[in-house]
Amino acid sequence: MNLHIIPNDQIQAAALLLRSGETVAFPTETVYGLGADASNPLAVQKIFEIKGRPVDHPLIVHIATTSQLPAWARNIPDDAWRLAAAFWPGPLTLILQRSNRVPNEVTGWQDTVGLRVPDHPIATALLHAFGGGIAAPSANRFGQISPTTAQHVHDKLGSKVGMILDGGPCRIGVESTIVSLTHEETVVLRPGGLSIEALENTLNKKILLTQAAAHNVRASGMLDSHYAPTTPIEIHPADELWRRAHQLAKLGYKVAVLKLSDENKCINSGGITCFQMPLLADEYGHDLYATLHRIDHASFDHLLAETPPATQEWVAINDRMRRAAHSGRS
Ligand code: TXA
Ligand code: MG
């Protein structure tokens, strides 16, 4: 049961704020978004100011239903319709050629646009009440961890946002999978909540995971240092994990360990606090950002994470972990 049913008058108030050019943070099934009227360049600029995000990094436009796709994109290939039919509403963002309606401020002056129909009752209600497209990046400061609860948004953006709709913890907890359909080859620009295998099965072809740079696009999620917690993070295989933890604890550091195991080896000892992470990729993804937020809150000096498995289901998690560890802070 969803304990976070938002009364209709709050949805209407949020829609009114969007219409007047203000921002509204809202839950989706992946992470919380920081939304503004996608047709209003001044409103969209507020998102960049609040996030501290460079203005040439494009935003995803959220729409209520697939039927709105032609209003925002043109030359929509068959594969895009197939993916939309199979996975919308859901954790999939399609990069397509943009229509004239999309302002430059949304796309970072690129001729493509990211579009997604989110799968969350509050996002859906808001999109229907508002009527238009809602441009929304994840509701965090640029380069920091995405929020998966309304509290995370409060903590990091607080009073800067016009309104925060609380829909409880996000079901998936990792951002959407981004698929580019603007070149001959269909490619994944960011692995995420929807597996590449599911895309391949629907399109009946191999789909590559590529770097945005190769496709001449600026996708901020592709920056090596993206998704970084403030606590410096290292990733180690199980046998190395505790040796490193004890080494740092002996030096007087407060150490958090993200232990991936069903065994009873998650033990707290002098200076070391162990966080037991789920063995299933979906559950791990659901918990990851929330756990990183908790660890950041508790002011640890170091975060040591056990290397996740290298299999398909773990692609998005490995991607986020690698970027988090690449923050350059030590
Ligand atoms: O799950 C999600 O995708 C969440 C929820 C709120 O929908 N949104 C999200 O937005 O993660 P953001 O802005 O944090 O990440 C979106 C990524 C960015 O890396 C952005 O650069 C990329 O999508 N992107 C947006 N439009 C693009 C475009 N036209 N071409 C290439 N990349 C694009
Ligand atoms: Mg983001």
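We count ligands from 1, going down the list as the structure has it; atoms in each ligand are counted the same way. Atom set for the values below is all heavy atoms of this structure, side chains included, hydrogens, waters and symmetry mates excluded.
- Listed by atom number, the atoms of ligand 1 under 4.0 Å from H62 heavy atoms are 5 (C), 6 (C), 7 (O).
- When every heavy atom of P147 is checked against every heavy atom of A139, the shortest pair comes out as CG-O, 3.3 Å.
- A side-chain donor-acceptor contact under 3.5 Å links R190 to the backbone of S176.
- Polar contact with ligand 1: present for T30 (N/O pair, distance under 3.5 Å).
- Considering both main-chain and side-chain atoms, E175 never comes within under 3.5 Å of ligand 1 through any nitrogen or oxygen pair.
- Residue-level proximity to ligand 1 for Q97 is absent, since no heavy atom of it falls below 4.0 angstrom.
- For a threshold of 3.5 Å applied to N or O pairs, the pair formed by S138 and ligand 1 contains at least one separation below that value.
- Under a 4.0 Å criterion applied to the non-hydrogen atoms of I60, ligand 1 contributes the atoms 3 (O), 8 (N), 9 (C), 10 (O), 16 (C).
- Checked against a 3.5 angstrom limit, the closest N/O atoms of R190 and ligand 1 fall inside it.
- In this structure K250 satisfies the salt bridge (Lys or Arg N to Asp or Glu O under 4.0 Å) test with no other residue, sequence neighbours excluded.
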Test log, rule side chain to side chain contact (heavy atoms under 4.5 Å, CB included), inputs Y284 and E313 = CA-CA 11 Å; Y284 191 108; E313 310 94 75; over 6 Å; no
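- Remark: ligand 1 atoms within the under-4.0 Å shell around heavy atoms of V113 are 29 (N).
- Using bins of under 30°, 30° to 60° and over 60° for the plane-to-plane angle, the ring pair F26/H62 lands in the perpendicular bin.
- Shortest non-hydrogen contact noted between W314 and L280 is CZ2-C, 3.9 Å.
- For a distance bound of 2.8 Å, the N, O or S atoms of S138 include one lying that close to the Mg ion (ligand 2).
- Residue contact check: T112 has heavy atoms under 4.0 Å from atoms 28 (C), 29 (N), 30 (N) of ligand 1.
- Aromatic ring centroids of F142 and H57 lie under 6.0 Å apart.
- Below 3.5 Å of separation, one finds no N or O of H57 facing any N or O of ligand 1.
- Here E175 pairs with R320 in a salt bridge; the nearest charged N to carboxylate O distance falls below 4.0 Å.
- Scored by the ring pair (Phe, Tyr, Trp, His ring centres under 6.0 Å) test, F275 finds no partners at all (sequence neighbours excluded).
- One option in G193, P58, A123, P137 has a heavy atom closer to atom 27 (C) of ligand 1 than any other, and that option is P58.
- Contact atoms of ligand 1 toward I178: 17 (C), 22 (C), 23 (O) (distance under 4.0 Å to a heavy atom of the residue).
- Relative to atom 31 (C) of ligand 1, the option among I47, I95, T28 with the closest non-hydrogen atom is I95.
- In this structure, R116 CZ and L94 CG are separated by 10.5 Å, a value rounded to the nearest 0.5 Å.
- In this structure, of G173, S146, G33, the residue bringing a heavy atom nearest to atom 6 (C) of ligand 1 is G33.
- Nearest residue to atom 2 (C) of ligand 1 from C170, S176, G192 is S176 (criterion: closest heavy atom).
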